[in-house]
Amino acid sequence: MEERYHPESVEPKWQAYWKENQLFKVSEDPSKEKYYLLEMFPYPSGKIHIGHVRNYTIGDVVVRYKRMKGFNVLHPMGWDAFGMPAENAAIDNNTHPAAWTYNNIRTMRAQLKKMGFSYDWDREIATCTPEYYRWEQMLFLKMFEKGMAYRKESYVNWCEKCQTVLANEQVENDKCWRCSQPVQQKKLWQWFFRITDYAEDLLIHCDQLPGWPEKVTIMQKNWIGKSIGSELKFKVDGHDLDIEVFTTRPDTVFGATFMCLAPEHPLVETLSRGTRMEEEVAAFIRKISRQERSAEGLEKYEKEGIFTGAFCINPATKEKIPVYTANFVLMGYGTGAIMSVPAGDQRDFDFARKYGLEIRVVVQPPGEDLDGTTMTEAFTGEGRLVNSGEFNGMDNKSAMDTVTTWLEKEGRGKKTISYRLRDWGISRQRYWGAPIPVIHCPDCGVVSVPEKDLPIRLPEEANLLEKGGSPLPFLDYFAHTTCPKCGRKDAKRDTDTMDTFVESSWYYLRYCSPGYDKGMFDPEAVKYWAPVDQYIGGVEHAVLHLLYSRYFMRVLNSLGMIDFKEPFTRLLTQGMVCKETMMCPDHGYLFPEEAVKGSDGRIICTKCSKDVEIGRVIKMSKSKKNVVDPNELLEKYGADVTRLFSLFAAPPERDLEWSEDGVEGSNRFVNRVWRLAMDSMEKIKDVEPFSGPASDLVSDSAKTLYIKANQTIKKVTQDIDKSFHFNTAVSAVMELVNDIYAVNLEAADTEMKKVLLFSLENILLLLSPIIPHFCEELFEKLGNQGSILLQSWPKYREDSLEPDEITVVVQVNGKLRSTFSLKADSDESVIKEAALSDEKIKKYVGDKKPKKVIVITKKQTLVNIVV
RNA sequence: GCCGAAGUGGUGAAAUUGGUAGACACGCUAGACUUAGGAUCUAGUACCGCAAGGUGUGGAGGUUCAAGUCCUCUCUUCGGUACCA
């Protein structure tokens, strides 16, 4: 008889059993209710990390639970296999991205299998295979035909020395991460998806996703960034031109004392040409072009601008106001031009002060008298209009509409809505991605690759350039081709590849029919399985991945390919896995094994024996070395203990602090259950588990334990089903286990043995989604046939949840003064009498008549006596 | 700056609709068993106090018979995001 749980033999045994019996293989079965659970698929970066372990354990528990509940569960796994790290690794290690990627997939797949996750591996997909991306290319062509994909010029980070495009994360302090040369902004023709067409629809449906955490839908709403305002036209003085601006404050138009254009605004050059400012403006624009124009970089730069030499006419005051160009105005938002109202906007205010421009107060706060020459900051609040002609005295809020209507009549404005959301740029000047299936012909322009020529395969034999650029444009046999339309021999293939977010926007549909060769997916399979019922992943994807996926479903929906719009009915965003950092004064950050506890309790560095400083608990990362390798956990504790701890330490949505002691604790619990089963097995094996009502039990101890077991089933079921709070589910089972430990096994009568067996079997059933190998093994040892996974989820008896006696809590003036037991069916007057006649209570109440006595019999039985 | 989340013992955390604050676990203390224990079992463990008792859920107010939970103000930490006009 084994005295301990031996994961090294038990876990492989059951993994092999599951595989042999194909227990995780699923197919469409209309007779059963379906449940599609998906965890965000991993990027194959090398090895799985603890965040994956947590994510996939959470999902696996729910999947195994739902199966026992009778659902037909789809639980697939695959690989988000295209992306930049493969290229970087290939350059650094002199391998090929494909070899590196497939190698990593092999390693990680083996690790996931060792964790015992219940995937239907027959549905595995990797997005870098032509069998996958060919359908993405097909969809791209459909979108192109419908105008949902289009080309426009747009800026990228460019390193002149490396002759390559850099992602934002490859830019470090405005310099290239490889060669440290300053990064420039370069204009390139790139492909875009028209996600802005769906801005309103995506926004509205944020409020119709009750299964999503509110913080995620709020983030999406903010990202879409709808603002209601007006578009106003300012005539350029001396030209037959208008400058259009977007403003959310049309009520302040009388205070617009100058105008600012984005440096990239096409009118900047036009307006300055031939003026005394021409050269200075050109110099300014050259300077700004070296500044990072991506969202991230902007804060670093001081607000500055320059007069273009031109003036325009304020449509409200009809005054001439100067036109500036300024680095803080974005071409990508609104119209790329703003009317500057320094009295009402802090940026405009700062700018006006810096360049000595007029500040004219147009909104006067109640009870104050602001003066443009003396005010120290802009006033953005509500007030009454001043210096605003016929609108003087009006409150500024109602003036928004009135002023716009007035300008509209004059032909100088209209109400509009502006979104922060921009179209989705999908062109990547990279090798390791899905090729964009179009051909550029000198005569025909942009031509679709005919569908019969798909997939456009990524040339596998390409060698990556040392500097990181894509080799595709230099591969003649790939880049040069004939035009499918006119047959011209000197056509050029598009050598850009697609953003990897494109692959992850629809992979969950591919899982429904992974081998389907007539399209992206088998419509019947998708009809059965989709949408995903429960999606689980990191909150870091709250905006982009989830928004792009929602967009893609709208595209497919409008193409008539699917009949739903929202891909993920319920979403769980799990917290990060954190651990304390350790720092040696000489050796910097230390890995956990590089710091040991000395005999005197001090923690010292293994390299130099100096005291180690324990730092804050932060997200695990290689750079901070506060990491735990899942492989080592598997080696030392096995999959089940690792799974158990990652669930027990914190509820899923919260951050989890990793602690070696905590893992030891989980290990201890698992062995505690093991011993419990082993010790009692021989004695209770021959009885039948008790299943009647608690009232049939004679002894109090058996009754108490039986009720506890029923309560545990109820609690665990609710915790898993309603809130995914596995930590409290495990706690509940621990309580039951502790209660069983308190039973004297030697003295147990038949009745008690029956209750013990009932409790033990249910403990295994309740824990089986969490520590499946362990439960399988004990379930078998208890003499059961077949897999525990095929058992039904345990049911509790409604009539066996309440004990005979209840605890009455008595408060005096809200303070706890006494507790005592009473029969459960006592009515209020009995409880009240008992409370008032309690000795301890009498002491507090004295002779006085209580003012009020409140008796509560809901959750707790409680009496509060007010004196 | 804005948006979001969270502040509870030495630690991770519990606590339907307001109803015994600290379940469960880690750690620690003591004891038992043992050749040994970093195994196991048992007991104890919010704080102050010898005790009676008092105090306690970041802080300050408030509502209530009763507040970790509801309201107002405020502080701190973490996450996201930003010249968005």
Original post:
Can A/Asp242 and A/Arg412 be counted as an ion pair, charged N to O under 4.0 angstrom?
Top reply: yes
Original post:
Is a salt bridge present between A/Arg817 and A/Asp838, judged by a nitrogen-to-oxygen distance below 4.0 Å?
Top reply: no
Does [X] place a side-chain N or O at less than 4.0 Å from the phosphate oxygens OP1/OP2 of [N]?
X: A/Lys619; N: B/C78; answer: no
X: A/Asn738; N: B/A25; answer: yes
X: A/Tyr844; N: B/G53; answer: yes
X: A/Arg420; N: B/U81; answer: no
X: A/Arg817; N: B/G54; answer: yes
X: A/Arg422; N: B/C84; answer: no
X: A/Arg654; N: B/A14; answer: yes
X: A/Arg672; N: B/C41; answer: yes
X: A/Lys843; N: B/G53; answer: yes
X: A/Asn727; N: B/A14; answer: yes

**OP:** Assess whether salt bridge (charged side-chain N to carboxylate O under 4.0 Å, His left out) is satisfied between A/Lys619 and A/Asp655, documenting all intermediate values.
**Re:** CA-CA 9 Å; A/Lys619 182 181 176 177; A/Asp655 287 350; over 6 Å; no
Original post:
Syn or anti for B/G49, taking syn as within 90° of 0?
Top reply: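 Classified anti.
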**OP:** Find out whether A/Phe669 and A/Phe648 are in side-chain contact, i.e. whether some heavy atom of one side chain is under 4.5 Å from a heavy atom of the other.
**Re:** no
What is the distance, rounded to the nearest whole Å, between atom [atom1] of [X] and atom [atom2] of [N]?
X: A/Phe328; N: B/C83; atom1: CZ; atom2: P; result: 12 Å
X: A/Lys226; N: B/C2; atom1: NZ; atom2: P; result: 24 Å
X: A/Trp658; N: B/C26; atom1: CH2; atom2: P; result: 15 Å
X: A/Lys722; N: B/A15; atom1: NZ; atom2: P; result: 13 Å
X: A/Asp838; N: B/U20; atom1: CG; atom2: P; result: 18 Å
X: A/Tyr5; N: B/A39; atom1: OH; atom2: C1'; result: 19 Å
X: A/Leu767; N: B/C24; atom1: CG; atom2: P; result: 16 Å

Original post:
For the side chain of A/Lys303 and the base of B/C83, is some donor closer than 3.5 Å to an acceptor across the two?
Top reply: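 Yes.
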Subject >> Distance-only donor-acceptor test (3.5 Å): side chain A/Asp661, base B/C26 >> reply: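 Check fails, no donor-acceptor contact within cut-off.
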Subject >> N/O donor-acceptor pair under 3.5 Å between A/Thr308 side chain and A/Val323 backbone >> reply: yes
Subject >> 5'-most by nearest nucleotide on RNA chain B - A/His725 or A/Ile856 >> reply: A/His725
Subject >> Nearest-nucleotide comparison on RNA chain B, the residue closer to the 5′ end among A/Ile854 and A/Gln860 >> reply: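 Mapping each residue to its closest nucleotide by heavy atoms, the 5'-most match is A/Gln860.
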Subject >> With A/Asp350, the side-chain hydrogen bond (donor to acceptor under 3.5 Å, both in side chains) member among A/Arg353, A/Arg347, A/Gln346 >> reply: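 By the side-chain hydrogen bond (donor to acceptor under 3.5 Å, both in side chains) criterion, A/Asp350 pairs with just one of A/Arg353, A/Arg347, A/Gln346: A/Gln346.
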**OP:** Take atom P in B/A21 and the same atom in B/G58, then report the distance between them in whole Å.
**Re:** 16 Å
**OP:** Using the P atoms only, state how far B/G53 lies from B/G4, rounded to an integer number of Å.
**Re:** 47 Å
